[in-house]
Amino acid sequence: MKNTKYIFVTGGVTSSLGKGIISSSLAKLLQSRGFSVTIQKLDPYINVDPGTLNPYEHGECFVTEDGAETDLDLGHYERFSNVPTSQANNVTTGRIYQYVINKEREGEYLGTTVQVIPHITDEIKRRIRLLGQNGNFDFVITEIGGTVGDIESFPFIEAIRQMRWEMGRNCAVIHLTLVPFLSAAGELKTKPTQHSVKTLLEQGVQPDIIVCRSERHLNESIRGKIAQFCNVEVTSVIESIDASSIYEVPMLMLEEKLDIEVLRKTNTAIPEKIDISKWQHFLQRLNNPVHQVTVALVGKYVELKDAYKSINEAFIHGGVANECHVKVKYVHSEHVDHEHLDEFLSDVDGILVAPGFGGRGIEGKILAIEYARTNNIPFFGICLGMQCAVIEFGRNVLGLKDAHSTEMNPKTGNPVIDIMSNQKSVKNLGGTMRLGSYPCKLDPDSKVFELYHETMISERHRHRFEFNNDYRKTYTKAGMKAVGIYPNENLVEIIELENHPWFVGVQFHPEYKSTVANPHPLFVGFVEAMLNNKLKG
Ligand code: GLN
């Protein structure tokens with residue numbers, strides 16, 4: 001049984017400083033020193049999970065193996081640490097209150113007034129400790145969403161205050177702040193950091209380590225000033241300089257000795273050796289690509305890159321595996337029409353049609369797929385992207401002019417994509433899709449089998465609609481084959497086109513499983529196909 005240590009990561013001054021990347025980088029370094037680590041995100045908003053939010057709010061919704069719809073930071077945790085997360089790794093205020101209120105209704109607190117302290121804070125602490133309870137982890141890193149001082153984050157900071165008090169040196173608090181450079185003054189300013197630490201102190205929490213996000217290097221005098229005003233040792237003032245890639249951050253944190261500080265603060269013996277060679281090898285290839293391809297990412301949220309976070313990262317991993325830089329050209333599906341097809345798609349080496357919900361931009365996606373199919377351009381369709389490929393094939397190859405998904409047109413005469421039978425009775429929208437990991441059996445005579453090298457695979461899902469099996473024979477005969485099936489319910493999970501260099505549609509989300517250590521085979525294969533397409537000229 002391990003003596004689990006708890007590390008908290010809070011943020012100050014502004015949001016978007018990269019708490020998720022700092023947490024992930026710390027996890028990577030601790031892992032490289034032989035420790036087992038998991039990372040958790042506590043989100044102060046009232047939604048029970050981010051599954052019902054649109055991507056404009058907090059970016060992509062990340063799905064775990066066990067089917068939790070979670071914050072996109074969990075994607076970073078998995079990509080860096082290569083350890084799967086679960087429902088327990090993302091907890092919102094909504095989930096905490098829902099649990100406590102349900103217990104109150106069941107009579108568990110009979111006779112007492114249910115209050116933020118202790119009932120809500122106890123539940124927060126229980127959720128944090130839960131991850132350490134089974135003794136699997138040396139470190140549980142808990143990132144608190146938002147910024148200190150936000151009304152919503154008070155109970156979380158209070159829970160940290162209590163845990164520090166209860167656990168002493170088995171806990172450490174890292175506070176991430178911004179040290180801005182004022183060009184008019186020509187210097188870095190520490191005042192926002194001082195104020196932010198004061199806010200934390202007002203809530204009873206003294207940070208052990210301060211990570212300073214900055215666009216310029218911190219000199220000794222700035223470090224000294226922050227140490228003095230914020231009651232931390234000067235070695236605990238860590239610089240986090242803007243990096244060209246998030247994957248550089250673990251190396252920057254290694255240089256700044258963030259991991260050593262954490263080990264020191266938690267009274268943990270510091271292992272002499274650190275093995276980070278695989279990560280360095282990845283970076284070496286990332287920074288020295290031999291090739292470059294351009295992929296069109298066709299979707300309706302392209303103005304917001306975070307909406308397709310995991311897809312972007314999976315392209316980086318798949319690119320590195322091919323020594324290839326993948327340039328992503330974002331194409332707004334609402335802007336794709338016959339007139340602009342060439343303008344958007346004639347200069348790309350491959351086309352990916354993104355996942356999504358609802359009808360906005362759907363015809364643009366279908367046109368882009370027709371373009372890929374008829375011009376022999378490598379195509380990768382994910383979830384809605386696969387469904388659109390089925391619709392396009394139905395309309396333009398099989399002559400089913402009204403082929404559609406019943407999501408967009410419930411009355412279509414040719415519902416080639418239809419609601420799953422067990423979804424028909426669903427009334428509540430939160431957490432009710434087909435979510436998480438399901439097995440899929442591959443046809444050994446397929447392109448995807450050559451990439452996975454195994455017959456039974458498992459991938460994560462998030463959808464309500466599926467390929468309509470009534471059309472399977474007709475499609476197969478015409479050259480669109482179902483090459484991956486969920487055996488228990490005979491659901492089509494993968495389609496491939498014959499007589500095309502690379503045309504693959506998947507009902508699941510391969511992007512969620514791609515990590516630095518294990519780039520996803522389908523992204524590796526797609527990049528390779530794009531490269532071949534480009535080299536062929
Ligand atoms: N809207 C489609 C469905 O629910 C596709 C979902 C997705 O792309 N994640 O089946």
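For ligands, and for the atoms within them, numbers begin at 1 and follow the listed sequence.
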Under 3.5 Å: N or O atoms of ligand 1 paired with protein N or O:
unit_1	atom_1	unit_2	atom_2	d
ligand 1	1 (N)	Gly356	O	3.0
ligand 1	1 (N)	Glu407	OE1	2.7
ligand 1	1 (N)	Glu407	OE2	3.1
ligand 1	4 (O)	Arg464	N	2.9
ligand 1	8 (O)	Gly356	N	2.9
ligand 1	8 (O)	Gly356	O	3.3
ligand 1	8 (O)	Leu384	N	3.0
ligand 1	9 (N)	Arg462	O	2.9
ligand 1	9 (N)	His509	NE2	3.2
ligand 1	10 (O)	Gln387	NE2	3.1
ligand 1	10 (O)	Arg464	N	3.2
ligand 1	10 (O)	Phe465	N	2.8

Next item on the list: Could you list the residues that satisfy ring-ring contact (aromatic ring centres under 6.0 Å, His included) with Phe393, not counting sequence neighbours?
Entry: Tyr475
Next item on the list: Would you please say whether a donor-acceptor pair under 3.5 Å links the side chains of Asn490 and Arg472?
Entry: yes
Next item on the list: Report yes if some heavy atom in the side chain of Phe357 is under 4.5 Å from a heavy atom in the side chain of Met433; otherwise report no.
Entry: yes
Checklist line | Counterpart residues, side-chain hydrogen bond (donor to acceptor under 3.5 Å, both in side chains), relative to Ser405 (two or more places apart) | finding: none
Notebook entry, point to check: What do you reckon, are the aromatic ring centroids of Tyr247 and His317 less than 6.0 Å apart?
Noted result: yes
Next item on the list: Quick one: list whatever passes ring-ring contact (aromatic ring centres under 6.0 Å, His included) with Phe523, sequence neighbours left out.
Entry: Phe315, Phe380
